[in-house]
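These numbers come from a predicted model, not from an experiment. Each ligand, and each atom within it, is numbered from 1 in the order the structure gives. We count residues from 1, following the sequence as given.
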Amino acid sequence: TARLPAAISYLLLSPFSPLFHLSLGGGGKGKSWKWKDMLRFPHISQCMELAKTLERDYYSLCVKQPIGRQLFRLFCQSKPELRHCISLLDKMGEYEVKSDKEKRSFGMQIINRFLSRQGLCVLGIHLLLLCFYSDLHEYLSGDTFLQYQQSMYFDRFLQWKMIERQPVTKYIFRQYRMLGKGGFGEVWAFQARASGKMYACKKLEKTHVKKGRGEAMALNEKQILETLNSRFVVSLAYAYETKHSLCLVLTIMNGGDLRFHIYNMGTSGLEQDRVQFYAAEVCCGLHHLHQMNIVYRDLKPENILLDDNGHIRISDLGLAVTLSEGNLVRGRVGTLGYMAPEVIGHKYYGMSPDWWGLGCLVYEMTAGRSPFKGKGERLIGKEMERRIQEEEEEYGNIFNNETKDFCRLLLNKDPRHRLGCQGSGVYGVKSHPFFRTINFRRLEAGVIEPPFKPDPRAVYCQDVQDIDEFSTVKGVILEKTDKDFYVKFNTGSVAIPWQTEMIEMGCFKELNVFGPQGSRPPDLDW
Ligand code: ADP
Ligand code: MG
Ligand code: MG
């Protein structure tokens with residue numbers, strides 16, 4: 001592509017440019033004028049192959065996939081006998097995330113509505129007993145699920161699924177400013193043309209990947225990211241290739257990284273409530289990874305990114321690895337200064353390096369320096385390793401008792417005695433007095449207001465002009481055998497994030513009309 005003259009590209013790409021902000025205005029603005037063509041339903045007869053091959057799993061189709069969930073609900077709403085079932089399901093969901101104070105009265109409301117004499121009539125004794133005994137989903141996954149698959153709502157699901165599975169190319173996105181630079185390429189602000197949703201696109205230059213033998217690592221990062229679904233880890237929405245690069249399209253995190261917030265905001269170190277809040281969200285992110293048997297191995301302030309609202313997500317999963325059930329792994333990877341003693345010592349380990357990493361992170365957020373290196377001190381690698389393996393870290397007055405105790409337990413040199421690595425696992429960490437003011441249930445539901453909201457006008461990173469251009473390396477020739485790897489990488493949209501985009505940006509609502517009259521089912525209150 002031809003480069004724009006410098007002055008013009010500044011105007012177009014600079015975060016300070018009025019054009020840039022124009023394009024960022026969420027709420028469905030920024031859709032291409034052709035967006036409805038981009039999302040045109042195929043005729044149902046074209047979905048038959050998909051219908052044959054799609055795995056008929058109730059949880060995946062009706063609970064986890066956002067569009068699948070909406071359509072299943074529309075189906076249930078169309079049957080009077082199921083309408084109450086869905087509404088009870090919703091109320092129970094709401095009940096789960098109420099604060100302890102509100103729970104009692106909200107619980108009473110549910111009981112009054114569903115268990116009163118009239119309630120018994122609307123819900124039916126059978127269903128009512130079911131919700132005492134087991135999960136309502138178990139009930140729905142039976143006959144209801146079978147009937148759903150015969151309905152027009154499921155046909156529509158197949159149509160959406162066909163759109164979701166369209167090949168992804170660079171023409172699906174608009175490109176804005178550069179956000180940062182990684183080992184194999186640049187990260188840019190991107191916008192999906194069909195919906196207007198903003199993303200970060202991490203480009204891996206094919207020549208750089210080949211020269212650095214990064215194929216396995218790139219594929220590993222992509223394959224781990226696509227299995228995750230947590231509000232505390234960046235999501236992968238698309239993976240595709242262009243002539244020169246492999247692209248990972250990720251949740252955009254505009255608020256800068258924690259390193260920037262710890263060191264470049266005038267003070268060094270963060271206030272106690274922010275330290276607790278970020279540590280708690282990181283803890284939830286680690287919990288999600290560990291549940292899937294993934295060790296992250298690269299916990300450090302640089303890799304924790306803030307979004308516009310002040311929530312954080314774990315990013316850069318290049319070093320993460322999936323352990324096979326019950327197995328341990330060995331490997332000296334991570335960033336020196338944040339590596340756990342067992343990693344430096346070349347021992348076998350499980351999830352323990354991540355809890356060490358959390359200890360380092362809480363220490364650094366509190367003190368404004370990392371636990372084994374003084375402010376501005378320059379250290380050779382060997383000395384750093386010695387300190388990590390042998391020296392006790394010191395705690396100044398800035399640490400209160402809970403924080404000190406928390407860090408000490410996490411920075412235990414022996415992984416067998418470290419907090420998080422014992423029988424109670426992550427629950428041991430979450431129940432430490434350091435987190436006494438955090439309600440994890442509400443935090444995981446995303447209903448807790450962050451203590452700090454980034455200024456939407458500020459840019460929390462190094463000036464883009466200071467970041468060197470990424471050049472393609474010369475003398476590396478891409479061959480036919482490289483193609484096999486590109487094919488594995490180039491899988492297009494990822495179901496859950498793509499469907500979330502369609503719903504969040506209003507595309508689902510606007511396009512999901514039924515019938516020749518174009519009638520839409522009534523708006524439903526979920
Ligand atoms: P690498 O694995 O090569 O180190 P990273 O994933 O760390 O690459 O990305 C490089 C830089 O790009 C980061 O330091 C950060 O500044 C920026 N960046 C990465 N992911 C995002 C994102 N999701 N949103 C905003 N900026 C990002
Ligand atoms: Mg990085
Ligand atoms: Mg990386």
Side-chain angles (χ1 to χ4, degrees), residues 13 15 20 24 173 175-192 197-209 211-226 228 230-239 245-264 285 289 294-321 331 333-338 357 454 456 458-470 489 494 497 501:
L13 303 178
F20 182 71
L24 283 181
F173 307 99
Q175 177 167 327
Y176 295 102
R177 72 182 169 107
M178 196 202 294
L179 298 168
K181 213 181 83 171
F184 293 125
E186 298 153 347
V187 178
W188 290 76
F190 265 41
Q191 183 174 38
K197 186 169 165 104
M198 295 297 303
Y199 284 107
C201 177
K202 175 168 170 174
K203 294 184 183 176
L204 310 168
E205 300 285 340
K206 287 177 177 174
T207 53
H208 281 261
V209 173
K211 183 155 184 246
R213 297 174 194 274
E215 289 87 355
M217 193 171 152
L219 199 58
N220 176 58
E221 180 169 5
K222 181 247 166 194
Q223 286 170 341
I224 286 186
L225 279 167
E226 73 190 351
L228 300 175
S230 160
R231 64 171 80 249
F232 307 109
V233 184
V234 293
S235 299
L236 176 70
Y238 305 84
S245 36
L246 299 168
C247 302
L248 295 171
V249 179
L250 307 160
T251 322
I252 191 162
M253 302 296 285
N254 275 321
D257 62 38
L258 277 187
R259 202 183 119 82
F260 191 90
H261 287 273
I262 295 171
Y263 296 104
N264 297 51
L289 294 170
I294 296 165
V295 215
Y296 174 52
R297 303 198 290 185
D298 204 13
L299 198 54
K300 56 178 175 179
E302 251 176 278
N303 282 342
I304 308 300
L305 308 182
L306 271 77
D307 69 14
D308 287 337
N309 295 315
H311 286 286
I312 59 92
R313 284 181 194 248
I314 294 174
S315 94
D316 195 354
L317 280 88
L319 300 182
V321 60
V333 305
T335 308
L336 190 69
Y338 299 96
V459 176
Y460 294 93
C461 67
Q462 199 186 7
D463 195 323
V464 185
Q465 313 292 318
D466 294 349
I467 307 176
D468 295 333
E469 281 279 331
F470 230 87
F489 192 96
V494 182
E501 175 187 329

For atom 1 (P) of ligand 1, the option (of L305, I252, D316, L317) bearing the nearest heavy atom: D316

Ligand 1 versus S315: contacting region, heavy-atom distance under 4.0 Å: neither

Mind checking whether G183 has an N or O less than 3.5 Å away from an N or O of ligand 1? yes

Are the side chain of S230 and the backbone of F232 linked by a donor-acceptor contact shorter than 3.5 Å? yes

Quiz question: by atom type and distance under 3.5 Å, do the side chains of E302 and Y338 form a donor-acceptor pair? no

Looking at G182, which atoms of ligand 1 are within less than 4.0 Å of one of its heavy atoms? 1 (P), 3 (O), 8 (O), 10 (C)

Strictly under 2.8 Å, is any N, O or S atom of D316 next to the Mg ion (ligand 3)? yes

Ligand-residue contact atoms, ligand 1 with A200, heavy atoms, under 4.0 Å: 22 (C), 23 (N), 24 (N)

Judging by distance only, is a nitrogen or oxygen of K202 under 3.5 angstrom from one on ligand 1? yes

Min N/O separation N303 to ligand 1 under 3.5 Å: no

Can you tell me how the ring of F173 sits relative to the ring of Y199, calling it parallel under 30°, perpendicular over 60° and tilted otherwise? perpendicular

Ignoring hydrogens and geometry, is there a side-chain-to-backbone donor-acceptor pair from H261 to G255 under 3.5 Å? yes

Output for pair (K202 NZ, L225 CG), nearest 0.5 Å, gives 8.0 Å

Taking N, O or S atoms only and a limit of 2.8 Å, check whether E302 reaches the Mg ion (ligand 2). no

With nothing but distance in play, are any N or O atoms of M253 less than 3.5 Å from an N or O of ligand 1? yes

Which atoms form the tightest heavy-atom contact between A200 and L179, and what is the distance? CB-CD1, 3.8 Å

So I224 and K222, side-chain contact (heavy atoms from CB on, under 4.5 Å) or not? Walk me through it. CA-CA 6 Å; I224 286 186; K222 181 247 166 194; over 6 Å; no

